[in-house]
Participant: 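Right, I'll just put the structure down here and ask away after.
In what follows, chains carry the letters A, B, and so on, assigned in the order in which the sequence lines appear, proteins first and then strands, with residues in each chain numbered from 1.
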Amino acid sequence: MLTVYNTLTKRKEEFKPIVPSNVKMYMCGPTVYNYFHIGNGRSFVSADIIRRYFEYKGYNVKFVMNLTDIDDKIIKKAGEEKVETNKVTQKYIDAFMEDIAKLKVKKADIYPKATEHIEEIIKMIKTLEEKGLAYNVNGNVFYNVKMFNGYGKLSGKNIEDLESGARIEINEEKNSPLDFALWKKAKEGEPQWESPWGNGRPGWHIECSAMSCKHLGETFDIHAGGNDLIFPHHENEIAQSEGANDKPFVNYWLHFGFLNINDEKMSKSLGNFFTARDILKVYPAEAIRLLFTQTNYGGPLNFSEELLQSAKKGLEKLDNLKSKIDEAMKVEDSNQGVEFGFDKFYAAFEKAMDDDFNTPQAVAVVFDFVRECNKTIAETEKPGYKFYHLVKEFLTRTAEGVLGIMDFNTKESSGASLEKDLIEFLITLRLDAKKNKNYALADKIRNELNALGVELQDSKEKTTYKKIEAN
RNA sequence: GGCGCUGUAGCCAAGUGGUUUAAGGCGAAGGUCUGCAAAACCUUUAUUCGUGGGUCCGAAUCCCACCGGCGCCUCCA
């Protein structure tokens, strides 16, 4: 039984999709005015793993992620760079797609853009206006929060507390400070669209209501996003969608914990962030994902060089087994394999993931599995092709397929063939030296290669090498 | 002030009433293997889960109090 923690009910619940074996999932995507930081990356990876696990379980998943391509920050950026807003958004959409691919995040089925759904947005605002849930003041249209019964049910807030909170700027056009903009009146020189209320552009929250409705229906299974979107963004989405459609909006709300720096939220406004692309220049996606998966998606995670290093070290254990598998499958005979209890590892992995996507537990299962495999390989003369095949299959389905912490497709020694030939020549030289008990020369070759970033590993039959970071 | 999250070994972290005399990763120490290494494997590294009470046959897990950290309440994953 798959359970998920639902922010709406503050409980773990059994997951039951609306249509059996189908999952309709929406996630709030980026506002494309900048490169996303590794904290945003954590959310994308968390959602990716959830989506992949549903697919592992055999669900047919429709995954939609919006791209916010019109808002204040984009307009500001375009103004600074003296270009059209779509120049800015296109640049960062391209960058987003590149970075997400490097992080090994699977592409969404659809990436709807706000500017391409103006018609749907206007239609929804009109419905809200007709129902008395929205009001127009001089071309600005606001949502009338007090008219929506149940405002605050997601975030656990009530209207009175919020109103006395007094951190909301005073806007004379609003009936209540809590009311939020559905449609913003055009300012000169800014992007604008025609509407029943005059030229303008959509507010931030309405795009998610309009686009999720169009692509996933009035009620869908899962809506995900960072913790900081619970209020007001997701609360407002509920008000809009349920107000307009008179149907439950979303069955399960999932929220992701922040990535912290020194126990402080990583954020653009605090300036304490690293872009995902910069981190990816130094660390492989698998190491970053291993770090993320070693803690539950809902809690905070401190981000530091030290933790990334330790994740990277952990990754080596997986990669070493991978190399062993690849080597062995080249030479082992087919159809034979020692006994190995694969089933219990699959069961343990699924039990962990079924429990609200408990990836730390799932990762522990993978490491247990790796240790057992290494043990079997060490203790068995010839484990057999079939054994290696099944080991690879397990890791491909779990560590690679769901968690994304391994990659069996990357070629190991992808160096130029001259380089490869030279290394192999040196290994041959060294083996000769070893035969002649000339250990000084043998060690010299090994040390020199090591300093160049090539690590040699002797085994009984042969010497293999792998590339490491040069010191 | 309101709402929510959180405090487990040197570090990160799972576990939320008995199968846990507390997973997994990193680090550290010893060992097996090796000419020596590396890798791999084995052993050791929390009588204890922020502190103090309480409930229970039984608590890291439930309740109360206290102390500490963080977030949201304004754009933010």
Participant: Using a 4.0 Å heavy-atom cut-off, does A:Leu321 contact any base of the nucleic acid, only the sugar-phosphate backbone, or nothing at all?
Facilitator: nothing
Participant: Grab the two heavy atoms, one from A:Gly41 and one from A:Leu103, that are nearest each other, plus how far apart they are.
Facilitator: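 Closest approach of A:Gly41 to A:Leu103, heavy atoms only: CA-CD1, 4.1 Å.
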Participant: Within the structure shown, what part of the strands sits under 4.0 Å from A:His37 by heavy-atom distance: base, sugar-phosphate, or nothing?
Facilitator: base
Participant: Does B:G68 have a Watson-Crick or wobble mate here (both distances under 3.5 Å), and if so which one?
Facilitator: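 The answer is B:U6, by the H-bond criterion.
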Participant: Nearest heavy-atom pair of A:Thr359 and A:Thr295: which atoms, and what distance?
Facilitator: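 That would be OG1-O, 3.6 Å.
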Participant: For B:C62, which nucleotide in any strand shown is its Watson-Crick or wobble partner with both distances under 3.5 Å?
Facilitator: B:G54
Participant: Contact class for A:Glu316 vs. all strands (heavy atom < 4.0 Å): base, sugar-phosphate, or nothing?
Facilitator: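 Touches nothing.
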Participant: Could you run through nucleotides 15-26 of chain B and give me one letter per nucleotide, 5' to 3': B if any protein heavy atom sits under 4.0 Å from the base, S if only the sugar-phosphate is that close, - if neither?
Facilitator: S-------BSSS
Participant: Measure from NZ or CZ of A:Lys106 to the centre of the six-membered ring of A:Phe63, then state whether that distance is under 6.0 Å and the direction lies within 45° of the axis.
Facilitator: no
Participant: Please check if the distance between the ring centroids of A:Tyr53 and A:Tyr56 is under 6.0 Å.
Facilitator: yes
Participant: Describe the nucleic acid contact of A:Lys375 in one word from base, sugar-phosphate, nothing, applying a heavy-atom distance below 4.0 Å.
Facilitator: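 It contacts sugar-phosphate atoms only.
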Participant: Considering Watson-Crick and G-U wobble pairs with both distances under 3.5 Å, what does B:G35 pair with?
Facilitator: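 Pair assignment: B:G35 / none.
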Participant: Between A:Phe340 and A:Phe369, is the ring centre distance below 6.0 Å?
Facilitator: yes
Participant: So what does A:Met27 touch, heavy atoms closer than 4.0 Å: a base, only the sugar-phosphate, or nothing?
Facilitator: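 Answer is nothing: A:Met27 stays at 4.0 Å or more from every strand.
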Participant: Contact class for A:Phe258 (heavy atom, under 4.0 Å): base, sugar-phosphate, or nothing?
Facilitator: base
Participant: What donor-acceptor contacts under 3.5 angstrom involve side-chain atoms of residues 1-8 of chain A, with partners at least two apart or in another chain?
Facilitator:
from   : atom 1 : to       : atom 2 : distance (Å)
A:Thr3 : OG1    : A:Asp354 : O      : 3.2
A:Asn6 : OD1    : A:Leu8   : N      : 3.1
A:Asn6 : OD1    : A:Trp253 : N      : 2.9
A:Asn6 : ND2    : A:Glu13  : OE1    : 3.3
A:Asn6 : ND2    : A:Asn251 : O      : 2.9
A:Thr7 : OG1    : A:Trp253 : O      : 3.2
A:Thr7 : OG1    : A:His255 : ND1    : 2.7

Participant: Will you find, in the side chains of A:Gln361 and A:Asp355, an N or O donor that is under 3.5 Å from an N or O acceptor?
Facilitator: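 On atom types as modelled, these side chains do not qualify, holding no pair under 3.5 Å.
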Participant: For B:A22, give the paired nucleotide (Watson-Crick: N1-N3 plus N6-O4 or O6-N4; G-U: N1-O2 and O6-N3; both under 3.5 Å), or none.
Facilitator: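 For B:A22, the partner nucleotide comes out as none, under the 3.5 Å rule.
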Participant: Could you check which nucleotide pairs with B:U47 in any of the strands shown, counting Watson-Crick or G-U wobble with both distances under 3.5 Å?
Facilitator: none
Participant: Would you check if the side chain of A:Asp221 reaches a backbone N or O of A:Lys24 as a donor-acceptor pair within less than 3.5 Å?
Facilitator: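 Yes, because the side chain of A:Asp221 sits within donor-acceptor range (under 3.5 Å) of the backbone of A:Lys24.
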Participant: Without decimals, in angstroms, what is the distance between A:Lys157 NZ and B:G71 C1'?
Facilitator: 10 Å
Participant: For nucleotides 36-38 of chain B, print each protein N/O atom paired with a nucleotide N/O atom at under 3.5 Å, atom names and distance only.
Facilitator:
from  : atom 1 : to       : atom 2 : distance (Å)
B:C36 : O2     : A:Arg446 : NH2    : 2.5
B:C36 : N3     : A:Arg446 : NH1    : 2.8
B:C36 : N3     : A:Arg446 : NH2    : 3.1
B:C36 : N4     : A:Arg446 : NH1    : 3.4
B:C36 : N4     : A:Asp458 : OD2    : 3.2
B:A37 : N6     : A:Asp458 : O      : 3.2
B:A37 : N1     : A:Asp458 : N      : 3.1
B:A37 : N3     : A:Arg446 : NH1    : 3.0
B:A38 : O2'    : A:Glu455 : OE2    : 3.1
B:A38 : N1     : A:Asp458 : O      : 3.3

Participant: Using atom P in both nucleotides, what's the gap between B:C63 and B:A77 to the nearest angstrom?
Facilitator: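 The same atom, P, in both gives a distance of 34 Å.
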Participant: Atom CH2 of A:Trp253 to atom P of B:C3: distance rounded to whole Å?
Facilitator: 22 Å
Participant: Does a nitrogen or oxygen in the side chain of A:Asn158 sit under 4.0 Å from OP1 or OP2 of B:G2?
Facilitator: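 No, A:Asn158 has no side-chain N/O under 4.0 Å of OP1/OP2 on B:G2.
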Participant: Using the C1' atom in both, what is the distance from B:C41 to B:G7, to the nearest Å?
Facilitator: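 To the nearest whole Å, 36 Å.
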Participant: In the strands shown, is B:G1 matched to any nucleotide by a Watson-Crick or G-U wobble pair with both distances under 3.5 Å, and which?
Facilitator: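 When the pairing criteria are applied, B:C73 turns out to be the nucleotide that pairs with B:G1.
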Participant: With RNA chain B as reference, determine whether A:Met266 or A:Asn374 sits nearer its 5' end, using the nearest nucleotide of each.
Facilitator: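 So the residue in question is A:Asn374.
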Participant: Please confirm whether the shortest side-chain N or O distance from A:Thr295 to OP1 or OP2 of B:A14 is below 4.0 Å.
Facilitator: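 Yes, such a contact exists.
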